[in-house]
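All remarks here apply to the structure that follows.
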Number of protein chains: 2
Amino acid sequence: MAVVAFDDEDRVALVRQWRLPADAALLEIPAGGLDVADDGTKEDPDLAAPRELEEETGLRAGTWRKLGTFYTAPGFTDELMHLYLATDLTMVHADGRLAADEDEALILSWLPWREAVAAAESGVIRDAKSIVGLFWLARILDSRGR
Amino acid sequence: MAVVAFDDEDRVALVRQWRLPADAALLEIPAGGLDVADDGTKEDPDLAAPRELEEETGLRAGTWRKLGTFYTAPGFTDELMHLYLATDLTMVHADGRLAADEDEALILSWLPWREAVAAAESGVIRDAKSIVGLFWLARILDSRGR
């Protein structure tokens with residue numbers, strides 16, 4: 001699943017991480033896989049989303065909204081991406097220190113949402129789920145005249 | 001690569017095809033892979049896009065614009081999606097018959113662009129490249145006040 005985390009200062013949370021297939025450090029919205037239980041059952045994405053957001057960014061959200069679910073590349077994989085909008089954000093630690101999974105080694109950065117959308121349009125942000133998430137946020141905010 | 005084909009009646013061309021990984025027939029924007037030469041060189045996406053559009057829909061475009069390039073799922077594949085906007089469309093055959101690659105067995109349908117975008121938001125259109133393409137088109141048209 002992937003999370004558009006949008007704060008009260010109209011900024012979006014982004015993480016930069018090394019992506020081996022891309023051979024590059026990509027700037028993306030926070031995202032993660034679903035845990036699979038011993039019996040093969042996949043984790044509920046509604047539960048995975050808050051866990052991953054906190055692991056990757058140290059953030060908790062007071063409000064969650066499911067935006068959509070889509071196939072990343074249906075020609076060759078059944079991977080489904082569950083996309084969420086998370087608002088009313090708070091840092092788990094007041095000092096901004098990450099809570100867990102420090103080995104994920106992600107660097108959190110904040111961009112004003114219009115800049116993040118422009119970064120998607122210009123190719124600076126260049127993975128499908130992040131572009132979908134940022135354009136989706138833009139549609140919501142533009143429709144509110146924000 | 002993938003193509004947002006937008007006609008003079010403000011409609012978008014969509015194709016429905018069976019996707020084995022999804023175990024479903026998905027409604028998508030026209031798309032295809034890049035041919036790989038014997039020496040491993042990949043086809044130029046700028047050349048592949050018109051070929052695939054014609055193969056899948058029977059359409060030719062008088063005007064091409066590259067919108068962007070993005071990774072579909074950078075966690076596990078290096079697949080890059082090259083996204084184009086194609087306008088000034090004409091059917092290769094006046095009777096609408098497909099020109100080639102009839103074994104691709106795609107069903108072409110046209111949706112007014114606002115309906116196509118709504119279909120992406122509601123989950124009827126549910127693959128990443130199509131959602132990116134339709135939202136991108138919407139950003140262009142909305143900025144023109146269309």
Side-chain angles (χ1 to χ4, degrees), chain A residues 1-2 15-29 31-34 52 66-83 104 114 117-143 145, chain B residues 1-2 15-29 31-34 52 66-83 104 114 117-143 145:
Chain A
M1 100 287 350
V15 290
R16 187 177 290 281
Q17 65 184 308
W18 188 260
R19 291 299 200 174
L20 200 60
D23 192 26
L26 300 186
L27 192 63
E28 305 175 22
I29 62 174
L34 302 177
E52 278 289 339
K66 179 102 179 235
L67 295 177
T69 300
F70 52 88
Y71 290 98
T72 53
F76 63 91
T77 170
D78 65 354
E79 187 192 47
L80 268 180
M81 187 59 69
H82 302 269
L83 182 67
E104 290 200 16
R114 288 184 194 282
V117 172
E121 288 176 321
S122 70
V124 170
I125 292 172
R126 51 195 168 111
D127 72 291
K129 68 173 179 312
S130 298
I131 301 173
V132 170
L134 292 168
F135 284 5
W136 211 308
L137 176 69
R139 293 188 61 73
I140 292 169
L141 297 176
D142 281 336
S143 74
Chain B
M1 99 287 350
V15 291
R16 187 177 290 281
Q17 65 184 309
W18 188 261
R19 291 298 200 175
L20 200 62
D23 194 25
L26 300 186
L27 191 62
E28 306 176 22
I29 61 173
L34 302 177
E52 277 291 338
K66 180 104 179 233
L67 295 177
T69 300
F70 52 87
Y71 290 98
T72 53
F76 62 89
T77 169
D78 65 354
E79 187 192 46
L80 267 179
M81 187 59 70
H82 302 269
L83 182 68
E104 290 200 16
R114 288 185 194 283
V117 171
E121 289 176 321
S122 70
V124 171
I125 292 172
R126 50 193 169 113
D127 72 290
K129 69 175 179 310
S130 299
I131 301 172
V132 170
L134 293 168
F135 283 5
W136 210 308
L137 177 69
R139 293 189 60 74
I140 292 169
L141 297 176
D142 281 336
S143 73

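Note on naming: letters A, B, ... go to the chains in the order of the sequence lines (proteins, then strands), and numbering restarts at 1 for each one.
Heavy-atom distances place both the backbone and the side chain of A/T77 under 4.5 Å from chain B. With a 4.5 angstrom heavy-atom cutoff, A/A120 touches chain B only via backbone atoms. Interface remark: A/I125 contributes no atoms to any contact with chain B (heavy atom separation under 4.5 Å). Only the backbone of B/L67 comes within contact range of chain A, with heavy atoms under 4.5 Å apart.
Rounded to the nearest 0.5 angstrom, B/E121 CD and A/I140 CD1 are separated by 8.0 Å.
B/R139 places a side-chain heavy atom less than 4.5 Å from the side chain of A/D142.
The candidate with the highest count of non-hydrogen atom pairs below 4.5 Å against chain B, out of A/G75, A/A73, A/G123, is A/G75.
Legend: residues meeting side-chain contact (heavy atoms from CB on, under 4.5 Å) with A/L34, ordered by chain and number and at least two apart, are A/M1, A/K42, A/E43, A/P45, A/A48, A/H82. Considering only residues two or more places apart in sequence or on other chains, B/E79 meets the salt bridge (Lys or Arg N to Asp or Glu O under 4.0 Å) condition with none of them.
Here the closest non-hydrogen pair linking B/P74 and A/D127 is CG-CB, 3.7 Å. The shortest heavy-atom contact between B/V132 and A/I131 is CG1-CG2, 3.9 Å.
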